[in-house]
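Notes follow once the structure below has been shown.
Computed from a prediction, not measured in an experiment: that's the story for all the values here.
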Amino acid sequence: MNMLSFVRKALFKSTPLKDVPEPVFCLLVVSKKCNFKCKMCNMWKNRQKSPERKELSLKEIKYFVDDFKKVASKPIFIHLIGGEALLRKDLMEIISYIKGSGFNSSITTNGFYIDELMSQRIVQAGLKGIFLSLDGIKEETHDYLRGIKGSHRKVMEAIDLLDKYRGEDKAERLSIGVTMTMMEKNLDEILPLVEWAQNNGKINDLFLNACLQPFDCENYQQDWFLNKDYNEIWPRDIKKVSAILEELAILKERGYKICNPPEQLRLVKEYFRNPHRFIHEEKIKCPRGDLAPEINAYGDINMCFGMAPLGNIREKKFSQIWFSKSMEKARNEINTCKKDCDTVVNCFYKIENITDNIQG
């Protein structure tokens, strides 16, 4: 029996090992802080929401990574997100530690802090994949949606600099991707941006998200998209959105650098037609319960955005919680969930569609 099997058996004696899946992806929120004022996110408005809670320290993150090895035996991805991940001064140390522990790491960033020196540090730290948020092919569109003038130019500069320093070794080479959120304001720029990415040799992949109610809202409302405050976010011409999604699905089938599988892109049509009734059921199996835990900036362990945290890594080791009865119960609830859920539309339809692209 290898060491991982021994640890798994010791931590979870009452359930057969075959019933306890290994995670294949992990989200780690390294900071809630953000320097942007995005139209599709309220995180920047709520920076003082939990002033009494301190974000995880470098030491605590290292302890988590060490403990995570008791749960995951393969070099899976630990994806670092924010807020803005690069606002953490010790982010390169986190990336280096993850790599040294045998895992891969990737980040999503707005790209604003990526200059010549930062590009070199990112590559030297051993980051495997980076996704830069790009919400418009036009400078004015992206800058408006992101709330920061010059942000589009910074993304383009970041792509050039990262490509300059990432080296030629395909096995170790940093993968550069862009991620775009589909909104009313940028609908006409989705297909041009996809073509731009396809013809840009510096870009490895593109991931598309459907717009949701802005993150970190005080109150989540079922009819949020009918609120006039979100006229620039929620698409008004659903036929137009459906046509764009169908074209995206066809482009993916033709081999374009789109991470989303055609099935997901076509499923998103149903979401935009009737977000009230978007039930994953047999159309999509939510992967959060079995495969993709999230550790937030304060150490809470989240398996579903609609469930309370299952614990906190400051109070109990992640490995103990992963093999616990409470986790088993939560996993079963998620896997048999029939609730209306719009979040699942973007929730890793197939995780390999992200991680395989990064590794490739």
Side-chain angles (χ1 to χ4, degrees), residues 23 25-68 70-72 77-98 101 103 105-110 112-113 133 146-148 212-221 224 288-289 292-324 326-327 329-331 333-334 343 346-347:
F25 192 72
C26 178
L27 286 165
L28 177 58
V29 183
V30 293
S31 179
K32 289 276 284 184
K33 301 180 181 70
C34 190
N35 58 316
F36 274 27
K37 298 180 178 180
C38 300
K39 302 294 183 184
M40 75 299 289
C41 179
N42 289 328
M43 198 172 289
W44 57 275
K45 297 179 183 178
N46 301 327
R47 58 185 63 180
Q48 299 301 322
K49 200 171 182 181
S50 303
E52 73 284 356
R53 301 192 78 188
K54 292 186 178 181
E55 294 183 344
L56 294 171
S57 67
L58 175 62
K59 184 177 181 180
E60 288 172 322
I61 290 176
K62 286 182 175 180
Y63 280 154
F64 163 71
V65 174
D66 289 342
D67 183 54
F68 196 59
K70 298 174 183 176
V71 173
F77 276 85
I78 297 178
H79 187 66
L80 310 174
I81 57 174
E84 172 48 47
L86 286 173
L87 279 172
R88 276 202 70 130
K89 302 300 183 185
D90 56 6
L91 185 67
M92 297 308 119
E93 292 180 75
I94 294 172
I95 293 169
S96 295
Y97 196 80
I98 290 172
S101 298
F103 295 114
S105 65
S106 54
I107 65 170
T108 296
T109 174
N110 59 42
F112 199 79
Y113 294 107
S133 299
R146 289 282 160 174
I148 298 292
L212 304 175
Q213 183 173 5
F215 299 117
D216 258 31
C217 281
E218 289 287 336
N219 297 301
Y220 283 89
Q221 302 171 346
W224 72 272
R288 294 302 299 267
E294 176 192 280
I295 313 301
N296 74 12
Y298 311 113
D300 296 326
I301 300 170
N302 298 301
M303 298 306 298
C304 167
F305 298 116
M307 296 175 68
L310 291 172
N312 189 288
I313 62 171
R314 284 172 166 157
E315 299 165 1
K316 198 170 186 178
K317 290 182 178 181
F318 175 82
S319 58
Q320 292 176 308
I321 295 172
W322 185 258
F323 295 113
S324 69
S326 60
M327 178 64 78
K329 180 181 177 183
R331 190 178 292 121
E333 286 180 14
I334 294 170
T343 306
N346 292 331
C347 200

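- Ser31 contributes atom OG, which lies 11.5 Å from atom CG of Asn296 (distance to the nearest 0.5 angstrom).
- The heavy-atom pair separating Ala85 from Leu80 by the smallest distance is CB-O, 4.2 Å.
- A tilted orientation is assigned to the rings of Phe103 and Phe68, their planes being inclined by 30° to 60°.
- Under the 4.5 Å side-chain criterion, counting only non-hydrogen atoms from C-beta, Cys26 is in contact with Phe64.
- Within the 4.5 Å cutoff, no side-chain heavy atoms of Ile148 are placed close to those of Asn35.
- With hydrogens and angles left out, the side-chain atoms of Thr109 and Glu84 include a donor and acceptor closer than 3.5 Å.
- If you take CZ on Arg146 and CE on Met40, they are separated by 4.5 Å, rounding to the nearest 0.5 Å.
- When every heavy atom of Pro23 is checked against every heavy atom of Pro293, the shortest pair comes out as CB-CD, 3.8 Å.
- Within the 3.5 Å criterion, the main-chain N or O of Glu93 finds no donor-acceptor partner in the side chain of Ser96.
- Under the salt bridge (Lys or Arg N to Asp or Glu O under 4.0 Å) rule, Asp300 has a single partner from Arg53, Arg314, Lys316, Lys32, which is Arg53.
- Across all their heavy atoms, Ile95 and Ser105 have their closest contact at CG2-OG, 3.5 Å.
- In terms of heavy atoms, His79 sits closest to Ile107 at CE1-C, 3.4 Å.
- Atom CH2 in Trp322 sits 9.5 Å away from atom CD1 in Ile301 (nearest 0.5 Å).
- Atom-to-atom distance recorded for Ile313:CD1 and Ile61:CD1 is 7.5 Å, nearest 0.5 angstrom.
- With respect to the salt-bridge test (charged N to carboxylate O, under 4.0 angstrom), the residues Glu55 and Arg88 do not qualify.
- Taking both residues in full, the closest heavy atoms of Ser57 and Glu60 are given as N-OE1, 2.9 Å, listed atom of the first, atom of the second, then distance.
- The backbone N or O of Ser133 lies less than 3.5 Å from no partner atom in the side chain of Asn110, so there is not a single donor-acceptor pair.
- By the 4.5 Å heavy-atom criterion applied to side chains, Ile295 and Leu56 are counted as neighbours.
- With values rounded to the nearest 0.5 angstrom, Glu333 atom CD is found 12.0 Å from Met303 atom CE.
- The minimum heavy-atom distance linking Ala330 with Leu310 is given by the pair CB-CD1, 3.6 Å.
- To the nearest 0.5 Å, atom CZ of residue Arg331 and atom OG of residue Ser326 are 9.5 Å apart.
- Using modelled atom types and a 3.5 Å distance limit, the side chains of Ser319 and Asp67 yield a donor-acceptor pair.
- The closest side-chain heavy-atom distance from Pro309 to Asn302 is below 4.5 Å.
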